[in-house]
Amino acid sequence: MSGWLLALLVATPPSCPTSTLRLDWVRSATAVECPSGEVVARRIVDRLGCDPFGPEPKARFEVAVEGDAPGWRAKLTRFEDDGVVSEKTLVSEDDDCAILGQAVALTIAVVAERLPRIGLIETGTTAPPEAPLRARVPLVPTSTATPVVYVPPQGTFDVEAVLNVGTLPDVSFGGRLTTSLRVGRRFELGVGALVLPIRTVDAFFFGVIAAVLHGCSRFEPGGRFELAGCVRVYGGSMLGFTKVEAVPIDPGGYPWFAASAGASFTAPITGPVHFRLGTEALVTLVDRKFAEKRTMTIVLNESPVAFVGTAGLILRFR
């Protein structure tokens, strides 16, 4: 897009159109970093050298802006009274969405300069229409319209049920409670706690309690649904004890550390409440074994790689 944008920048500034325009500027949840409709409208005015936005616009431009990794995408649709006249899509791979805003403003300004020559302006030489004109819908110019601004949720509270295979004997169930904050357009950081309640093996009892630190990269391919990739670090204690004389090592808590990577799918339920389903592979950073002292029989040999599945409710807040 850079060469095309440079050509517009060095082109001769257009003359001021005698028609009036309206700009409807809509930013998606992935484009909140892009300039507002007022900023783009001011750039159009600066480019034309006059204000083309009037109380009875003869042309309307609808611009839908969204993130398009890497970069940004804007779909421009021009309307007349009878419907859609033309559509154009602009794409920018620049990190700064302001570049895309400048390209949109220049495109609309160039089109606006041509409006008197493409039949949108009624002149004294125009023949009367053969059929009655359609009723026009009242249009409000951008200069007085309230912009549509979407503010994405800035954080979440997550309550999830956890299924674990490999950390404790057989299959174990537990819970994870976390909270997170956005640190960018797609990234978030969070902290929380993981609990795998006591699991019984013969006369022995095992469990895990640990703190969690995670970082996630989130995407919204469908606008409503969300996909995410996350990495997590766990640090806490593995508990091991028994009620009989034959004890595994010494009863108590032993340091337990692990790291995981996985993915999740999130869908809305109602309002700020969402449902999330996830899976991750967990790698143990401390090889933990429990053996019966008298016979040295291995009671628990933690797997170096465990499977973790999660399902829960997410409360998003701004």
Side-chain angles (χ1 to χ4, degrees), residues 156 158-180 183 186-219 221 225-242 246-267 274-293 295-314:
T156 63
D158 305 4
V159 180
E160 299 171 288
V162 175
L163 180 148
N164 179 286
V165 180
T167 300
L168 299 181
D170 300 325
V171 178
S172 58
F173 297 90
R176 187 168 66 193
L177 177 65
T178 57
T179 183
S180 60
V183 293
R186 294 192 180 97
F187 299 96
E188 69 178 31
L189 293 176
V191 296
L194 169 71
V195 176
L196 298 178
I198 297 300
R199 178 74 180 167
T200 304
V201 179
D202 298 328
F204 302 94
F205 305 89
F206 303 98
V208 170
I209 181 169
V212 185
L213 174 64
H214 75 254
C216 296
S217 178
R218 304 201 176 279
F219 303 90
F225 303 104
E226 179 184 86
L227 299 177
C230 299
V231 294
R232 293 181 172 85
V233 177
Y234 297 88
S237 295
M238 176 175 282
L239 308 176
F241 59 93
T242 181
V247 296
I249 314 179
D250 292 319
Y254 299 87
W256 181 80
F257 299 96
S260 71
S264 66
F265 169 80
T266 304
H274 292 63
F275 171 77
R276 179 170 295 164
L277 190 67
T279 181
E280 58 191 80
L282 184 144
V283 178
T284 303
L285 302 181
V286 177
D287 185 15
R288 186 64 62 195
K289 293 183 180 179
F290 288 83
E292 183 183 1
K293 274 189 173 182
T295 64
M296 296 306 296
T297 302
I298 299 297
V299 180
L300 171 64
N301 186 3
E302 183 182 4
S303 172
V305 179
F307 166 81
V308 177
T310 60
L313 296 179
I314 312 303

- Message: With rounding to the nearest 0.5 angstrom, report the CG to CG distance, Asn164 to Leu194.
- Response: 8.0 Å
- Item | All salt bridge (Lys or Arg N to Asp or Glu O under 4.0 Å) counterparts of Glu188, not counting sequence neighbours | Arg218
- Message: With side chain to side chain contact (heavy atoms under 4.5 Å, CB included) as the criterion, how do Val208 and Val195 come out once you've worked through the C-alpha distance, each side chain's angles and the decisive distance to 0.1 Å?
- Response: CA-CA 6 Å; Val208 170; Val195 176; over 6 Å; no
- Task: Using the test side-chain hydrogen bond (donor to acceptor under 3.5 Å, both in side chains), find all partners of Ser172 that sit at least two apart in sequence or belong to another chain.
- Result: none
- Query: To the nearest 0.5 Å, how far apart are CZ in Arg276 and CG in Asp158?
  - Reply: 5.0 Å
- Item | side-chain contact (heavy atoms from CB on, under 4.5 Å) partners for Ala311, two or more places apart | Phe275, Leu277
- Partners of Arg232 by side-chain hydrogen bond (donor to acceptor under 3.5 Å, both in side chains), sequence neighbours excluded? Glu280
- Message: With rounding to the nearest 0.5 angstrom, report the OG to CG distance, Ser217 to Leu227.
- Response: 10.5 Å
- Task: Using ring pair (Phe, Tyr, Trp, His ring centres under 6.0 Å) as the criterion, list what pairs up with Phe265, not counting sequence neighbours.
- Result: Phe225
- Residue pairs, two or more places apart or on separate chains, that pass salt bridge (Lys or Arg N to Asp or Glu O under 4.0 Å) and touch residues 256-265: none
- Task: Given side chain to side chain contact (heavy atoms under 4.5 Å, CB included), test Leu285 with Tyr234 step by step and report yes or no.
- Result: CA-CA 9 Å; Leu285 302 181; Tyr234 297 88; over 6 Å; no
- Who are the side-chain contact (heavy atoms from CB on, under 4.5 Å) partners of Val171, not counting sequence neighbours? Leu163, Val165, Phe173
- Query: Is the backbone N or O of Leu239 less than 3.5 Å from a side-chain atom of Ser237, with the two atoms forming a donor-acceptor pair by type?
  - Reply: no
- Message: Working to the nearest 0.5 angstrom, can you tell me the gap between Leu189 CG and Leu213 CG?
- Response: 7.0 Å
- Contacts of Val231 meeting side-chain contact (heavy atoms from CB on, under 4.5 Å) (sequence neighbours excluded), chain-then-number -> Ala261
- Stepwise side chain to side chain contact (heavy atoms under 4.5 Å, CB included) check, Leu196 with Met238: CA-CA 9 Å; Leu196 298 178; Met238 176 175 282; over 6 Å; no
- Looking only at non-hydrogen atoms, find the nearest pair between Leu282 and Ala258 and report the distance. CD2-CB, 3.6 Å
- Of the non-hydrogen atoms in Val162 and Gly175, which two are nearest, and what is the gap between them? CG2-C, 3.9 Å
- Item | Distance (rounded to the nearest 0.5 Å) between Ile314 CD1 and Thr179 OG1 | 10.5 Å
- Query: Can you list the residues that meet the side-chain contact (heavy atoms from CB on, under 4.5 Å) rule with Val159, with sequence neighbours excluded?
  - Reply: Leu177
